Every structure is written in structure tokens, then in C-alpha cells.
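Here is the structure we will look at.
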Amino acid sequence: MTYNWDFHSVWQFYDLFLYGLWISVLYTIGSIFFGVIIGFATCAARLSRWWMFRTIARIYQEIFRCTPLLVQLLWFYYAFPLLVGGSIDNRVAGMLTLSLYVGAFYAEIFRGGIVSIDRGQREAAAAIGMSPWQSMTRIILPQALKRVLPSFINQSVIQFKNTSLVSVISVADLAYMAAVVNGQTYRPLESYTVMAALYILMLLPLTQAADWIERRLRVSD
Amino acid sequence: MTMNNHTDASVIEAIALRKSYGTHDVLKGLDLSLTRGEVVALIGPSGSGKSTFIRCLNMLEIPTEGTIRFRQKKVGDRFRDNGEEIGIGTLRRHVGMVFQHFNLFPHKTVLQNVTEGPIIVCKTSKREAEERAMDLLAQVGLAEKHAAYPNHLSGGQKQRVAIARALAMQPEVLLLDEVTSALDPELVGEVLAVIRRLAEEGMTMAIVTHEMAFAADVANRVLFLDQGVIAEAGSANDVILNPQNPRLQAFVARFRG
Ligand SMILES: Nc1ncnc2c1ncn2[C@@H]1O[C@H](COP(=O)(O)OP(=O)(O)OP(=O)(O)O)[C@@H](O)[C@H]1O
Ligand SMILES: [Mg+2]
């Protein structure tokens, strides 16, 4: 049996694919941006001297690391509004969930980097009179962030793939648009192959860049 | 009127210093006063509390009990000065420390390692800080390495940079904790030479060392720490060359090789 490939009828809807791709990129960049902020705050809380902060941060992290992202999206979109009595825009729910999800992982990456720095560094900074803030921002963080850059990029690449889940709450990302095109053309093989190809096209350069950066960092160490 | 001339001239002072980790009493009530220009060597067996003691002097370890006084003022428990009490930050700005494992900042060049303190802590202008740093690097024989990163240096060179980094803060006291212990034997001399010159120039120093000959040579006073107390104190001649205390005799004999 031979299949009659017909990319032409699918590619008529290229603007839908491109729009979906744009939305996926937007959600990736947006959730990375908010995730970094959440990650830093959570990391600071984890390293705080007050156990309240440490505990709250830890609970948040475990909740988001130990439930599937899909479950989180469904919960924030369908369950959370009932809890607070109202409704939530699917785009807001999508961005919020993605950011909280990746923030929990970023926090762990940042924390791992910071605690991996030899304590002699902090002592040397303190010994020349630096405040804890100066020591953190000028001595510890630059070294820690450099060390975790590969893991950070890796997590961000995964995040791009994770955005495809927002399609289940009807955010019009690439995966959602592929389904729309399929509905128009009844060409699932082509529709979903184009979708997959677009993901590869976006992610391949990123994973290559990540490998390259990792190799370079290893050399300079 | 002051009651005690000795106290009056002291730059840094530890009074009835105690330090415990849990139930483990590491320092059991130590007193020490360093007068300007004095070089004190601390010797003693491993685990006797030498590092803990010297690290209490710049509050890298917070004493469990007792006081540190700097320029005759009590050092408080805050980073900033607080009324009559000197802040920990202020103390550290004027009391430099050199570590056994150098602890240079690996992401900064040799020059940046030396200028970091003056620029960030003392708010010295970059230009002035760099001029002074180049001067110090020349003094420790490393001017031509100013653009190198620490991991391209030998151990002896790293330690000389670390000394320059501490000196860049123009400290009144320098604390050195076994600064040659991590070095290959052939590199020890170049670091000791730098310290010896500092002693001649009148730098006030507390030096933890296992180099008995060096201690005997540069120190005005030698303290033998044993099990958390100063078991013996006196001139190098008394403590190292003619020890009386049997534990001290055994200790010194071991290091005479
Ligand atoms: N952070 C800490 N927590 C618990 N115990 C500690 C800590 N730091 C030091 N100690 C203990 O305090 C004692 C004294 O340690 P210290 O490092 O001051 O000895 P030292 O005289 O410098 O020895 P060495 O010659 O080996 O450097 C040791 O028994 C050590 O195990
Ligand atoms: Mg020690």
C-alpha cells in the first residue's frame, strides 16, 4: 500500500502553523522570563536562614515537581477558578502554570550551583570586608551561574516542548494549530508531521548550541 | 589613666575567647593581644584549634563566648558599626586574611582579584585601585601575571596573589593560616620570603604555621596551642628552641625532622 502524501493542502494553512509557532515561542520566552524570577526568589527562600521561607519554598517546589504538567494545567484552568470563585483566562492559566512549573526546576538548578561553590570563596569575600549581598552578587553567583548554564539551557529546551501541553486548555499554540489544520483537511499524517518538523527546526539549533556551550565551559574550567 | 599599657597599645585583642561546636569545646578561654608591628606565631598539633582561633579574630567564626576588640573597641555582632561597637564589616576591612587554599576568585584575573576589595568595599576609584594593585603585584613579583587567571598560576604564585589581595585593603593586621601547607616544598620559600619582608616592614601579623624554623625566625612571640588553650607562650627562643612543657617538646621534636 502506498500513501499519497499531500503536503500541499496542509501547507495552504501555513499561516496557522506560523501563528501557532509564534504562540509557542511566546509562551516559552514568557514562562522562562517569569520562571527565572520565580526561580531566583524560590532559591533565595531555600537558602534563607528563616525556616518558614525554606519550608514554603520547598513545598511549592515539590508540588510542582511531583505532579505532571498536564495535571497542573487542568487544575489551574478548571479547578482553581472554582476554588477562588471566578474564572480564569486560558492564556493566563497557561502562562501561570508554565512559569510556576519551570520556576520550581530553575530554583533547584540555581540552588545546586550556589551550594556547589567552595565555601572558601565566600570566606575570601567576607575576609576583604564584603557584605553578604556583595559576596553573593560579585563572587558566588557569577561562578554558580556559569556552572549551571548547561542545565539551565537544557531545562529551557524542555520548556519549549512542554508548552505544547497548553493546547489542552485551548491556547492556540503550534500543537493546537496542527489539530485545527487536521480538522480542516482531514490529513492527520501531514498536519502532525509538519508540526513535528517545525518543533525539530526550532529545537535542533538550540540543543546544538547547548552542547557547544557545555563543551566550551568544560574547556575553560 | 589606663590600667595596663599592654592593652592600651593593642591593635587587636581576644579576651576570654571560647568556641564550641555543639558539645565539643574547641577553644576554652584564650587571651591574646597583638601590639602594632608585632608578629605572633601560633603553633600546635592538628585539631588544637589554631584555625578556629585565628578565624575568630576576623569573625569568620563567631565566638561562643568572649570578646574581640579592635583598636580598643569591642567588635559587635552586626555587619555595620553600631554605636560604640565596631561592625564585623569594618573589622574585616582592616584585618586581612590569607588562607591555606588561597581562595582566589577564579572568575577574575589576578589584577581584578587584587582590586575587587578596594573598588567594591572601599569605593576606591578603579584607576587608583589598579595602580596600587600593580604596585603590590610588583612587590610580590607577579606584575607580569596581572592579566592571567588564577588557574594558570602555580601554587606559590596563587598564594602571593592572595597576599597582595589582602594587602590591597591596607590592613592593620594580617592573619595567615598555614599559608604554605598546600604548596609543593620548592614553592614554600617564595611565599615565606614575602611574609618575612612584611614582618620587616612592621606589619602586625598572626601566623599559624608548621614551619618551625620560619616561626622562630620572624615571630616576636610564639604561642603553643594545645587542646583549646594556650599551653605555652614566650619568645621563639623559649618556646621553639628550649621548650619546657613535655607535650611541646614532643611537638617541636616532630617538626624538627
Ligand atoms: N565547623 C566545625 N564544626 C564542628 N567542628 C569543627 C568545625 N571546625 C572545626 N571543628 C573542630 O574543631 C577542632 C579544631 O579545629 P581547627 O581547625 O581549629 O584545628 P587546627 O589547630 O587548625 O588543626 P590543623 O592543624 O589540622 O589545621 C577540631 O577538632 C575540628 O574537628
Ligand atoms: Mg588549621
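Bear in mind the structure is a predicted one, so any value in this text is a computation, not a measurement. Note: hydrogens, waters and symmetry copies are ignored here, and every other heavy atom, side chains too, is used. A note on names: the letters A, B, ... follow the listed sequences, proteins ahead of strands, and every chain is numbered from 1.
Counting heavy atoms from C-beta on, the side chains of Val181(A) and Phe17(A) come closer than 4.5 Å.
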Go through the steps for Gln112(B) and Thr115(B) under the test side chain to side chain donor-acceptor pair (under 3.5 Å), then give the verdict. CA-CA 5 Å; Gln112(B) 288 167 340; Thr115(B) 57; over 6 Å; no

Run the salt bridge (charged side-chain N to carboxylate O under 4.0 Å, His left out) check on Glu84(B) and Lys73(B) step by step: do they pass? CA-CA 7 Å; Glu84(B) 277 297 286; Lys73(B) 281 191 185 157; 5.2 Å; no

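Looking only at heavy-atom pairs under 4.5 Å with chain A, the residue among Val95(B), Leu60(B), Asn58(B) that has the most is Leu60(B). In terms of non-hydrogen atom pairs under 4.5 Å with chain A, the most contact-rich of His107(B), Arg93(B), Met97(B) is His107(B). The candidate with the highest count of non-hydrogen atom pairs below 4.5 Å against chain B, out of Arg138(A), Gln143(A), Gln134(A), is Arg138(A).
Leu91(B) approaches Met59(B) most closely through the heavy-atom pair CD2-CG, 3.7 Å.
Of all residues spanning residues 199-206 of chain A, none has a heavy atom less than 4.5 Å away from chain B's heavy atoms. For residues 151-163 of chain A, a heavy-atom distance under 4.5 Å to chain B picks out no residue at all. Residues of residues 92-128 of chain A having a heavy atom under 4.5 Å from any heavy atom of chain B, listed by number: Asp118(A), Arg119(A), Gly120(A), Gln121(A), Glu123(A), Ala124(A), Ala125(A), Ala126(A), Ala127(A), Ile128(A).
For the residue pair Glu13(B) and Ser10(B), a side-chain donor N or O sits within less than 3.5 Å of a side-chain acceptor on the partner.
Looking at Arg80(B), there are no atoms closer than 4.5 Å to chain A (heavy atoms on both sides), in backbone or side chain.
To the nearest 0.5 Å, atom CD1 of residue Ile140(A) and atom CE of residue Met130(A) are 9.5 Å apart.
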Counting only pairs under 3.5 Å, give me each side-chain donor-acceptor contact of residues 70-86 of chain A, with atom names and distances, residues two or more places apart or in other chains.
| from | atom 1 | to | atom 2 | distance (Å) |
| --- | --- | --- | --- | --- |
| Gln72(A) | NE2 | Phe64(A) | O | 2.9 |
| Gln72(A) | NE2 | Thr67(A) | O | 2.9 |
| Gln72(A) | NE2 | Thr67(A) | OG1 | 2.8 |

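Within a 6.0 Å sphere centred on CZ of Phe53(A), heavy atoms belonging to other residues, nucleotides or ligands number 12 at most. Annotation for Arg78(B): atom CZ does not count as buried by contact number, only 12 or fewer foreign heavy atoms lying within 6.0 Å.
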